[in-house]
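Inspection log for the structure reproduced underneath, given as structure tokens.
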Amino acid sequence: MIVVTGATGNVGRPLTQALAKAGEQVTAVSRHAAAMPAGVRHVSADLAEPQGLTPALDGAKALFLLLSGDLHAPGARPTDIIDLAAASGVRRVVLLSSQGVATRPLGPSRIAMRAVEDALRGSGLDWAVLRPGGFASNAMAWAESVRTRGTVAAPFGDVGVPVVDPADIAEVAAACLLDDRHTGGTFELTGPSVITPRQQSEAIAAALGSPVRFHELTREEAKAAMTRFVPPELADDTLDIISAPNPAELRISSDVGRVLGRAPRPFDNWVARNIAAFR
């Protein structure tokens with residue numbers, strides 16, 4: 001059995017589907033009940049309280065660990081999840097980390113995530129670490145404004161990074177969970193080209209067949225919007241990257257192709273699959 005945390009999210013949902021389609025027994029973990037593919041067991045748990053994972057880990061051979069905001073919850077001890085997994089008999093953990101662990105190692109959120117990476121590497125378990133850059137699916141934050149006002153609002157409109165499709169992250173995660181060849185690997189995951197927020201809005205407009213106006217936010221406005229969903233330190237770390245990406249953050253990684261044997265999906269492919277959200 002494979003346990004997938006964050007199973008209702010942009011990576012966890014397609015990963016759960018891919019593993020179920022491959023014939024694996026899957027336990028999907030999320031905070032709240034949700035519809036799952038046929039045959040997938042669901043367990044509600046909050047990763048900020050690791051002991052809540054105990055029922056999900058019973059009988060598991062592998063764990064996909066996505067910490068997200070749980071990493072920064074007051075009193076959170078995310079490394080306890082790794083200890084709990086080992087004690088439960090889990091043999092392999094695939095951790096969704098962040099590109100910034102390598103490119104911005106002194107950011108507060110990156111220091112915390114690096115500690116989790118180090119704990120996993122020292123755990124004695126089989127492991128793989130995924131370090132994606134920006135997600136193509138972050139554009140979903142614009143869906144309501146595109147539908148109602150025909151507008152995309154974002155900071156740093158002409159500064160781009162090679163955003164990665166979450167479906168590619170999910171496929172790489174599935175490969176790392178199922179294939180011993182990827183054990184001990186750290187994989188940097190990017191899209192195939194640098195794309196700016198303004199260019200993303202143009203791709204959405206092209207898919208809709210109607211104009212979309214781009215409105216550039218200030219950093220302060222962007223942070224105020226982001227901190228409704230993520231801790232302030234994570235918002236600042238993210239804004240530091242998207243305002244002035246360094247050469248490592250602009251580099252196109254070959255790791256998606258190395259694991260999957262194909263090129264990463266471009267942003268317009270993600271838009272085409274999700275265009276209904278913008279109509």
Side-chain angles (χ1 to χ4, degrees), residues 1-12 15-16 19 26-31 43-133 135 169-170 172-174 176-177 180 182-189 229-238 241:
M1 182 182 67
I2 298 175
V3 176
V4 177
T5 63
T8 59
N10 293 319
V11 175
L15 174 57
T16 297
L19 293 172
V26 183
T27 293
V29 176
S30 63
R31 284 191 179 89
V43 172
S44 295
D46 185 341
L47 269 63
E49 301 175 0
Q51 289 301 321
L53 271 178
T54 300
L57 293 172
D58 184 28
K61 65 179 181 180
L63 168 67
F64 174 72
L65 182 55
L66 188 160
L67 291 164
S68 187
D70 299 298
L71 178 65
H72 309 285
R77 292 171 53 90
T79 56
D80 287 355
I81 298 173
I82 296 169
D83 294 338
L84 180 64
S88 300
V90 170
R91 301 190 300 277
R92 175 173 300 175
V93 175
V94 174
L95 173 67
L96 186 65
S97 183
S98 167
Q99 181 190 57
V101 170
T103 63
R104 307 268 175 154
L106 299 182
S109 66
R110 318 308 181 192
I111 292 171
M113 183 58 83
R114 183 55 185 256
V116 180
E117 287 192 11
D118 290 345
L120 179 57
R121 291 188 177 96
S123 67
L125 301 172
D126 291 343
W127 57 269
V129 172
L130 311 186
R131 290 178 174 171
F135 284 28
I169 302 172
V172 172
C176 291
L177 287 162
D180 291 341
H182 307 304
T183 298
T186 299
F187 301 98
E188 183 178 341
L189 307 180
F229 307 103
V230 302
E233 62 270 23
L234 181 55
D236 279 326
D237 281 355
T238 301
I241 291 173

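Below, each value reflects all heavy atoms present in this structure, side chains not excepted, and no hydrogens, waters or symmetry copies.
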Item to check | Thr183 side, atom OG1; Arg91 side, atom CZ - distance, nearest 0.5 Å | outcome: 11.0 Å

Next on the checklist: Strictly distance-based, threshold 3.5 Å: is any side-chain N or O of Arg92 a donor or acceptor partner for the main-chain N or O of Asp126?
Outcome noted: no

Next on the checklist: For a quick test of reading the model, state the closest non-hydrogen atom pair linking Ala128 to Leu120 and the distance between them.
Outcome noted: O-CD2, 4.3 Å

Checklist outcome for this item: Heavy-atom closest pair (Lys61 atom, Ile2 atom, distance to 0.1 Å) is CE-CG1, 3.9 Å

Checklist entry - Are any side-chain N or O atoms of Ser88 and backbone N or O atoms of Val90, one a donor and one an acceptor, separated by less than 3.5 Å? => result no

Checklist entry - Can you list the steps and then say if Asp237 with Arg104 is a side chain to side chain contact (heavy atoms under 4.5 Å, CB included)? => result CA-CA 8 Å; Asp237 281 355; Arg104 307 268 175 154; over 6 Å; no

Checklist entry - Rounded to the nearest 0.5 Å, how far does CG of Leu57 lie from CD of Gln51? => result 10.0 Å

Checklist entry - side chain to side chain contact (heavy atoms under 4.5 Å, CB included) with Phe64: which of Val29, Val11, Val93? => result Val11

Checklist entry - So, for Gly52 and Ala45, which heavy atoms are closest and what is the spacing to 0.1 Å? => result O-CB, 3.7 Å

Checklist outcome for this item: What one should report as the nearest heavy-atom pair of Pro105 and Ala102 is CD-O, 3.6 Å

Checklist entry - Mind checking whether Leu65 and Ile82 have side chains closer than 4.5 Å, heavy atoms only? => result yes

Next on the checklist: Nearest 0.5 Å, please: how far is OG1 in Thr5 from CG in Leu66?
Outcome noted: 5.5 Å

Checklist outcome for this item: Checking Arg114, Arg110, Glu117 against Ser97 for side chain to side chain donor-acceptor pair (under 3.5 Å), the one that qualifies is Glu117

Next on the checklist: Can you tell me how far apart CG (Leu19) and OG1 (Thr27) are? Round to the nearest 0.5 Å.
Outcome noted: 11.0 Å

Item to check | Shortest non-hydrogen contact from Val3 toward Ala56 | outcome: CG2-O, 3.3 Å

Item to check | Min side-chain heavy-atom separation Val172-His182 under 4.5 Å | outcome: no

Checklist entry - With a 4.5 Å heavy-atom cut-off, do Pro132 and Leu96 have their side chains touching? => result yes

Checklist entry - Just how far is it from atom SG of Cys176 to atom CG of Leu15, taken to the nearest 0.5 Å? => result 10.5 Å

Checklist entry - For Thr186 and Glu188, what are the C-alpha separation, side-chain angles and deciding distance, and is it a side chain to side chain contact (heavy atoms under 4.5 Å, CB included)? => result CA-CA 7 Å; Thr186 299; Glu188 183 178 341; over 6 Å; no

Next on the checklist: Quick check: closest heavy atoms across Val230 and Leu234, and the distance to 0.1 Å?
Outcome noted: CB-CD2, 4.0 Å

Checklist outcome for this item: Rounding to 0.5 Å, atoms CG (Leu53) and CG (Leu84) come to a distance of 6.5 Å

